[in-house]
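Let me begin by presenting the structure, written as structure tokens, before commenting on it.
Residue numbers start at 1 and run along the sequence shown.
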Amino acid sequence: MDILENLNKEQIEAVKHIDGPLLVLAGAGSGKTKVLTTRIAYLISLGVSPDNILAITFTNKAAGEMKERISKLVGFSSKFMQISTFHSFGLKIVKENYEYLGYDKNFVIFDADDTLTIIKKILKDKNLDPEKFNPRAIRSQISKLKNDLIDSKKYSSFSLTEFEKVVLEVYKKYESELIKNNSLDFDDLLILPIKLFEQRKDLLLMYQERYKYILIDEYQDTNEAQYKLTKLLASKYKNICCVGDADQAIYGFRGANYKNILNFESDYKNALVIKLEENYRSSKTILDAANSVIKNNKNRKSKNLYSNLGIGDKITYYRANSGLDEVKYVVNKIKELKDNLVSLSDIVILYRTNAQSRVFEDGLMKAGIPYKIVGGLNFYSRMEIKNLLAYLRLICNSNDNVSLERIINVPRRGIGTKTISNLYDKSYLFNVSLYDAIDSGKELVFKNMIEELKSIKDTMSLVEFIDLVLDKSGLRKELVDEKTLEADIRLENLEEFKSVAKSFEDEMGVVSLDDFLLNVSLITDNNDFKEDNNAVSLMTIHAVKGLEFDYVFVVGLEEGLFPHQNSMFSEEELEEERRLCYVAITRCKKKLYLSNARMRLMYGSEQVYPISRFINEIDANLLENESKVVKYDEKNKKIDYNDSSEKIDVKSKYGDDEMNYKVGDLVYHEVFGMGTITNIILNEKDPKKTLLKIAFKLPYGIKTLIYSHKSLRKV
């Protein structure tokens with residue numbers, strides 16, 4: 001048939017397998033969307049009614065693209081199919097059966113902000129301190145529980161800590177509030193259909209008859225609720241086709257369970273498994289590198305990508321002497337590509353954390369190279385950075401009404417719009433600034449805090465002062481207490497702002513806070529060119545999934561950075577980091593650049609990180625080493641030269657064996673908790689004074705401790 005043209009043997013087999021369970025293990029760039037859409041067209045060509053087909057994907061954008069492709073293949077018939085996200089499908093089920101679920105027809109859906117408002121009200125009604133029990137942390141925990149299909153009754157059996165008991169108390173009230181308000185939240189769109197099908201077998205049977213053919217995209221990203229809903233619908237006919245790749249499962253932090261795809265054959269006996277291993281995107285060299293990294297994961301289904309696009313260029317590896325050296329290297333390589341008529345829109349810089357974007361933004365800006373942040377804001381436009389800058393500006397200039405209004409209630413300190421309105425009235429009446437109009441109430445406590453900071457701003461370094469502002473203002477504590485992924489990202493950005501100050505101090509010497517803020521203003525104003533469509537893309541590796549670029553730079557490949565220090569305590573989390581590396585590599589079509597630094601400025605201080613294990617896992621024959629090596633002659637004079645034979649070895653020990661510590665070891669500190677050794681500074685004169693650099697979770701970050709410290713022990 002015409003619709004099967006241009007498909008390879010495995011793709012055709014996947015399209016034509018109609019009856020019974022099918023798992024398509026689709027490697028990166030192997031044409032999985034083409035298989036899904038063609039399979040649907042093939043079903044219709046065999047006489048399957050379009051309204052008997054259910055296709056589920058994860059984003060509205062992906063669902064829209066799938067509808068468009070299917071429409072081109074089958075025409076008007078596509079209008080009768082259910083092609084949507086899990087949540088849209090769940091909403092359809094709830095709308096059709098609201099009365100059986102105890103809702104009126106005019107039910108409403110609460111978004112995340114509505115949910116937060118309810119939780120805050122519950123805390124207030126129960127006289128629970130929102131400063132101690134962060135509403136966002138509670139919202140996040142309740143959402144996680146719901147997606148794991150744990151209601152408040154189940155949760156009561158294992159809520160042990162003080163925080164968990166408060167969550168339980170709020171959860172119970174939250175459930176009743178939703179029902180009382182004839183409302184549901186986004187998590188209910190998955191949970192209520194499951195509840196309906198478990199309680200009403202007749203309704204489940206009706207939907208099983210309606211959706212005899214089920215197709216699920218990105219199956220490795222399903223959570224417990226999505227998995228259960230799918231299994232219930234498919235349990236009668238078992239005509240389920242799941243497409244995905246366990247090697248690209250990178251959303252564990254969102255509750256996704258990649259084991260769902262690994263367990264498919266256990267869930268569906270006699271399932272046919274087809275591997276799509278031919279990649280239509282990348283060169284053989286790039287795929288060999290991706291294969292050599294991912295094979296080190298134990299929890300995966302064996303798969304080996306290959307390409308018929310040729311061997312391609314070797315992967316360029318650069319071990320920089322510093323973070324700034326790495327930035328200069330990347331910027332210069334981009335200039336070379338641009339000079340060779342490569343479009344900037346074909347280039348991407350990938351990093352593990354949002355905070356890493358800042359130095360590359362600065363480097364590209366100084367070089368006049370247009371760039372855009374994909375999936376986020378540029379560093380200085382992020383809310384937490386703007387809040388910190390507002391504090392610093394108000395400390396320098398108490399007449400800054402804009403900054404004062406922004407932060408007088410950030411973090412929340414009970415100062416509302418009425419108070420601010422009264423301050424404006426007073427400032428107009430007496431012709432003074434808002435700040436000078438403050439003379440009582442909670443706003444006076446805020447003013448006194450600013451006055452205290454003003455009095456000591458010139459007595460310490462910029463980094464020390466910014467650190468103090470983060471503590472005194474409560475900006476740091478608010479994010480630590482929130483206990484969500486978003487809060488952790490914002491905290492990393494705030495800590496990285498200290499690196500901005502440290503760089504400025506290193507360049508200019510002793511400077512005032514006023515001078516520093518003027519410099520930041522120059523940086524933040526110089527961003528007009530970034531709106532250009534022909535621009536270098538900057539994004540986290542999580543944000544790049546599903547995209548592809550001709551030229552890819554993966555930066556910061558160091559232990560503690562990528563893999564991230566928070567993953568060092570769990571083999572499962574380390575495997576997810578390795579999958580992230582696999583995703584990063586397989587985004588590349590033509591030329592891949594990998595880089596790291598011997599030393600970098602992170603969170604306001606110089607840190608030394610070992611080379612990422614992922615570099616060591618790539619076959620050395622695939623790498624072209626452009627590292628700049630620094631060595632010393634007999635007179636201890638520094639020699640700089642290029643040496644392509646630099647050995648890449650993350651496994652070697654640092655220090656002597658008697659110490660029983662090596663880079664990468666997990667340690668536990670009584671105050672800072674779990675940490676990973678990133679460097680060992682050996683004291684040859686007195687080994688007992690050997691120092692360990694240890695990466696702890698934020699807000700503690702990198703600490704330098706003597707190896708015999710009584711509060712420290714090896715895990």
Side-chain angles (χ1 to χ4, degrees), residues 28-29 247 279 281-297 304-307 309-323 325-334 336-337 340 342 347-352 541 544 548-563 577-600 609-631 640-652 663-664:
D247 291 338
N279 175 285
R281 174 190 300 156
S282 309
S283 68
K284 182 179 185 301
T285 296
I286 291 167
L287 297 182
D288 285 350
N291 289 331
S292 66
V293 170
I294 201 64
K295 72 181 182 183
N296 291 280
N297 271 6
N304 205 55
L305 292 180
Y306 68 92
S307 171
L309 299 177
I311 294 174
D313 292 338
K314 279 196 171 188
I315 296 162
T316 297
Y317 169 68
Y318 185 71
R319 175 95 165 128
N321 287 319
S322 68
D325 181 20
E326 182 186 31
V327 171
K328 288 176 185 174
Y329 174 80
V330 170
V331 169
N332 285 334
K333 284 294 178 184
I334 291 173
E336 287 177 17
L337 292 171
N340 288 319
V342 170
I347 303 171
V348 67
I349 300 174
L350 300 178
Y351 36 79
R352 176 62 182 83
I541 301 167
V544 81
E548 58 184 41
F549 293 85
D550 285 350
Y551 301 89
V552 173
F553 292 83
V554 185
V555 300
L557 276 155
E558 297 139 39
E559 293 288 300
L561 202 52
F562 188 27
E577 292 289 300
R578 189 173 281 109
R579 292 193 291 270
L580 262 179
C581 185
Y582 175 82
V583 166
I585 292 171
T586 55
R587 299 309 94 195
C588 186
K589 296 167 73 175
K590 291 183 179 178
K591 177 70 178 178
L592 178 64
Y593 300 83
L594 307 176
S595 64
N596 52 36
R598 290 179 175 81
M599 182 186 298
R600 72 171 63 245
Y609 293 104
I611 297 169
S612 169
R613 68 192 67 199
F614 303 145
I615 292 290
N616 204 45
E617 290 169 357
I618 296 174
D619 186 339
N621 294 325
L622 302 173
L623 297 175
E624 175 185 43
N625 194 336
E626 289 191 354
S627 301
K628 186 180 181 183
V629 179
V630 177
K631 292 195 175 182
D640 288 7
Y641 66 99
N642 285 323
D643 182 2
S644 62
S645 64
E646 182 190 14
K647 185 171 168 49
I648 303 165
D649 185 8
V650 75
K651 295 178 180 177
S652 61
V663 170

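Annotation for Ser283 and Gly312: closest pair CB-CA, 3.8 Å, computed over non-hydrogen atoms. Of all non-hydrogen atoms in Pro563 and Ser612, the two that sit nearest each other are CD-OG, 3.5 Å. The two residues Ile618 and Ser292 come nearest to each other via the heavy atoms CA-OG, 3.5 Å.
Expressed to the nearest 0.5 Å, how far CG of Leu594 lies from CD1 of Ile611 amounts to 12.0 Å. To the nearest 0.5 Å, the span separating CD1 on Ile334 from OH on Tyr329 amounts to 11.0 Å. Separating the CD1 atom in Ile541 from the CG atom in Leu580 is a distance of 5.5 Å, to the nearest 0.5 Å. Tyr593 OH to Ile315 CD1: the interatomic distance, rounded to the nearest 0.5 Å, is 12.0 Å. Taken to the nearest 0.5 Å, the CD atom of Glu559 stands 9.5 Å off from the CG atom of Asn616. For the atom pair Arg281 CZ and Leu309 CG, the distance stands at 11.0 Å (nearest 0.5 Å).
Side chains of Tyr551 and Lys590 form a contact here, defined as non-hydrogen atoms less than 4.5 Å apart. A 4.5 Å side-chain heavy-atom check between Val554 and Leu592 finds at least one atom pair inside the cut-off. Between Asn621 and Asp288 there is no side-chain heavy-atom pair separated by less than 4.5 Å. A heavy-atom distance below 4.5 Å is found between the side chains of Leu305 and Tyr582. Taking 4.5 Å as the limit, some side-chain heavy atom of Tyr318 sits within range of a side-chain heavy atom of Asp325. Side chains of Arg587 and Val348 form no contact here, defined as non-hydrogen atoms less than 4.5 Å apart. Put simply, the side chain of Asp550 does not reach to within 4.5 Å of the side chain of Val342, judged on heavy atoms.
Using modelled atom types, one side-chain atom of Asn625 and one backbone atom of Ser627 make a donor-acceptor pair closer than 3.5 Å. Checking side-chain atoms of Thr285 against main-chain N and O of Ile311 turns up a donor-acceptor pair under 3.5 Å. Listed for the Arg319 side chain is no donor-acceptor partner under 3.5 Å among the backbone atoms of Ser595. The backbone N or O of Thr316 lies less than 3.5 Å from no partner atom in the side chain of Glu626, so there is not a single donor-acceptor pair. In this structure, Asn279 contributes its side chain and Ala28 its backbone to a donor-acceptor pair below 3.5 Å.
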Legend entry - Candidate pair Lys591 and Leu337, rule side chain to side chain contact (heavy atoms under 4.5 Å, CB included), full reasoning: CA-CA 11 Å; Lys591 177 70 178 178; Leu337 292 171; 5.9 Å; no
Inset, instruction - Please report the C-alpha distance between Arg579 and Ile294 in whole Å, then the side-chain angles of each, then the deciding distance to 0.1 Å, and finally whether the side chain to side chain contact (heavy atoms under 4.5 Å, CB included) criterion is met. - result: CA-CA 7 Å; Arg579 292 193 291 270; Ile294 201 64; 3.9 Å; yes
Inset, instruction - Would you please test Val293 and Arg578 for side chain to side chain contact (heavy atoms under 4.5 Å, CB included) and show each step? - result: CA-CA 7 Å; Val293 170; Arg578 189 173 281 109; 3.5 Å; yes
Inset, instruction - Report the C-alpha separation of Ile286 and Ile585 in whole Å, then their side-chain angles, then the decisive distance to 0.1 Å, and conclude whether the side chain to side chain contact (heavy atoms under 4.5 Å, CB included) test is met. - result: CA-CA 7 Å; Ile286 291 167; Ile585 292 171; 3.8 Å; yes
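Ion pairing of Glu577 with Arg613 is absent here, as no side-chain N (NZ or NE/NH1/NH2) approaches a carboxylate O to less than 4.0 Å. In this structure, Glu558 does not pair ionically with Arg352, as no charged nitrogen and carboxylate oxygen lie closer than 4.0 Å.
A perpendicular orientation is assigned to the rings of Phe614 and Phe562, their planes being inclined by more than 60° (bins at 30° and 60°).
The side chain to side chain donor-acceptor pair (under 3.5 Å) test applied to Lys314 returns no partner, not counting sequence neighbours.
Side-chain N/O atoms of Asn596 and Tyr317 include a donor and acceptor closer than 3.5 Å.
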